[in-house]
Amino acid sequence: MSATDPVVASTDAQAPSSSSQNAQSQPAQLPSSQPSQKSMTKAERRELQERQRAAKAAAKQQPGGGKDGQQKQGGGQKHKDPTGSSSKPPPKTTAPKSNRPRSESTAVRATADAGAGDSSSSSRTGLRIFTHFGLSGLPTKQVKVAGGDLVHPAITRLALMFGEFKICGANARCIATLTAFKTVIQDYTTPPNTTLSRHLMSYLSPQITHLVAARPMSVTMGNAIRQLKLEISGSDIDLPEQDAKDALCRKIDDYIRDRIIYADEVIEDLAVEKIKDGDVILTYARSSIVEKILLRAHRCGKQFSVIVIDSRPLLEGKELLRSLSSLQSPSSPSSQSGIQCTYALLPSLPSLIQDVSMVLVGAHSLHTNGSVYSRAGTAMVAMMAKEHSVPVMVCCETYKFSESVVLDGFGKNELAPSKFSPSSPRPDSNPNLEVLNPLYDATPPSCITAVCTEVGLIPPTSISSIPLALGKTNL
Amino acid sequence: MDIYETYLGFLKDEEVSPPLAAILALTEIMERSNAGTTFELVEELKDGAEALNKQSKNPISLNAGCKLFIEFITLFPHASAKFSDIRTELIQQGRQYVAEALTYRQKIAEVAFDFIKDDSVILTHSYSRVVMQTLLMAHKRKRISVYVTEARPKGLGIRTAEMLTAAGIPCTVVLDSAVAYAIEKVDFVLVGSEAVVESGGLINAVGSNQLAIIARAASKPFYALAESFKFHRLFPLSQDDLPIHNPSLFSFPISQPKAAPPMNARPSVFLPSSGETSTDDAESPIRFTQEQIAQNNPEVDYTRPDLITLVFSDVGSLTPEGVSQYLVGMFTG
């Protein structure tokens, strides 16, 4: 607690400045967009931290401060109640405001893209029940952080790529983030009168905020950043700065290697065993690990064909189709041809599923209750496969595990940016017509046969024992 | 030394099941090994396990034993400085484990006993030592009656019936095809197991799967009995995915060229050539012998976890999900 406290305090110190800045720059206006869930929780977290600090201060003022922490907190809350009730709304109101530049910039971008900025922003206001979904957009101006530092160019660049969906997959985003952080850490110098292990995280958090503003954080990034925070707070104070930075960069490299690259290789080995000659493998959209598995199986000389099911808005399957069908072995480019592929859109799934021997899909995250959060449409494919008794195997590294329960795709989701919206039925042609493109959905555990992870093939009901399998209690 | 012969020798003991025989065969390898390091020893054991796997017709349950033992040796803390000491220690541990494992059936019988009510009617499948022990124990204190399936092609159900009747338990043999008829009279289904796999599913003598499906359709509980050494890190996605699967299973016989229907024709039902085929039959009557049928059929099948109510084992009564969590913890923790 004592080790993390200063970090917490310093992030807090920046919070009011940035929110007030936003409040100034955005005069009274109806919130065109509600806060994304991430920023909501951030605001709530901030509020909680503030309350805790207040509680601590209150406890210090009280003469008999020997009670245990919980009592202190409870007492502090009560003590602060008159002000607490008034201080509760501000974060909630500032949160949408802090979000507004983002949504406006989306609108501006949409205008630039297609000249439909007004309609897209008006459509956003209409979708009240989905406004908690994260919206992707681009922060146009660079966010000032406390101390006058700017967001690191590597992060600005990355945020642009996230916002434009140039880097889209969960693995790709995690690797890109960690790689960018390596640059940021190397360019960082510890200010005087502070230590790296205490100050670096406060330097990184606005960078993270900037990334999250471009696109809501993925579970993979969250897990990786949590691990990074742990490493930073645990780094030795007495270490020379450059050595400490190098050590952190090494830790980042190790994380990428162990949790993603090696994990993928183990998953490939396990999954390729399940592909037999004559199989028809069905996959949905595009997952980097599924692509690797199919290519590896092909290299192993297995005779199988692939059905790529795809759907709007992203149409990622096209990319997979291209890489699978244009395959040529480097040793004998003439003799080997690509994998035999069929490409179809989601509505034609029922007529294709009967011939399928296995469904292979990737995932965005795994959840404690066994559900798999993945590209919108995956749940439908899995349900259809279950209906036809086709085994469904989800391929996923364990670092995508999230200790939360996801019951449906409504509690938490993300909306595709307007540039992926269909062009023909424009929302402006009918004022009552709105476009909603959630990016993810949750597949219930009952529709999944097996989850292929680097700890082995496990049934979805055992997802909750992944931390146990990794021999630790927290990821 | 031929490891498979050694294995078969251990298997002759009525009480020893394949995984335990495999463990004993591996200790025998250790006994004769002249490996200098643990790594070499493990390599030797892996070779031995591979040889057993290749020579056995149905290697699933012996693989479970081999994997368990090799895993145990890899994780064994090397307290002693001298390797020969470690080796003797390991051999002793292996034998001790087997001796202990032989008491597991009694433990399982005690766990399962609580689930058997007085005046129960139990349906069981084929012959299983652990099921026998449980039923005999239940008979001592409760009134039970047993239906047992015939379990073709080996017909081991008859053996079960004979032994139970000799012990004084009312017992009737049910045809494999009559299970759906008999299920209404049954209170629950109790089967043994060849292996319990990571999905929480069951691998057992062929026919268990249909028993489970029928039990589910009739809303009767389906209990499986399994010693913990039969827990196996294997995840079959379908029946075809079992290690015993080979292309000759359920293959169609190569038909005589005469009897082959002309190209483009649909099945012979639509053909007005019944007279012709009858003459063919007269020339060379096609007969299916029991041996041929047995050869073309699998020995074991895979029961999905969602059809299983509980798995009774020496580590307690587990749900299928519990089995998979236990397995994940056992082999990685």
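Values below: all heavy atoms of this structure, side chains included; hydrogens, waters and symmetry mates excluded. Chain naming here is simple, since letters A, B, ... match the order of the sequence lines and numbering starts at 1 in each.
The environment of B/Glu40 atom CD is dense: over 12 non-hydrogen atoms of other residues, nucleotides or ligands sit within 6.0 angstrom. Within 6.0 Å of CD on B/Glu89 lie more than 12 heavy atoms contributed by other residues, nucleotides or ligands. At most 12 non-hydrogen atoms from other residues, nucleotides or ligands lie less than 6.0 angstrom from CZ of B/Phe39. Atom CZ of B/Phe76 is surrounded by more than 12 heavy atoms from other residues, nucleotides or ligands within 6.0 Å. Counting heavy atoms of neighbouring residues, nucleotides and ligands inside a 6.0 Å radius, atom CD of B/Glu43 exceeds 12 of them. Applying the 6.0 Å contact sphere to NZ of A/Lys251 captures no more than 12 heavy atoms from other residues, nucleotides or ligands.
Looking only at distances, a side-chain donor or acceptor of A/Lys274 sits under 3.5 Å from a matching main-chain atom of B/Phe235. Between the B/Glu321 side chain and the A/Pro459 main chain, no donor and acceptor come within less than 3.5 Å of each other.
Of all heavy-atom pairs between A/Thr461 and B/Ser324, the closest is OG1-OG, 4.4 Å. Of all non-hydrogen atoms in A/Ile458 and B/Arg233, the two that sit nearest each other are CG2-NH2, 4.4 Å. The two residues A/Lys276 and B/Asp241 have their closest heavy-atom pair at NZ-OD1, 3.3 Å.
Within the 4.5 Å cutoff, no side-chain heavy atoms of B/Ser238 are placed close to those of A/Met358.
Heavy atoms closer than 4.5 Å to chain B are found in the side chain of A/Ser464, but not in its backbone.
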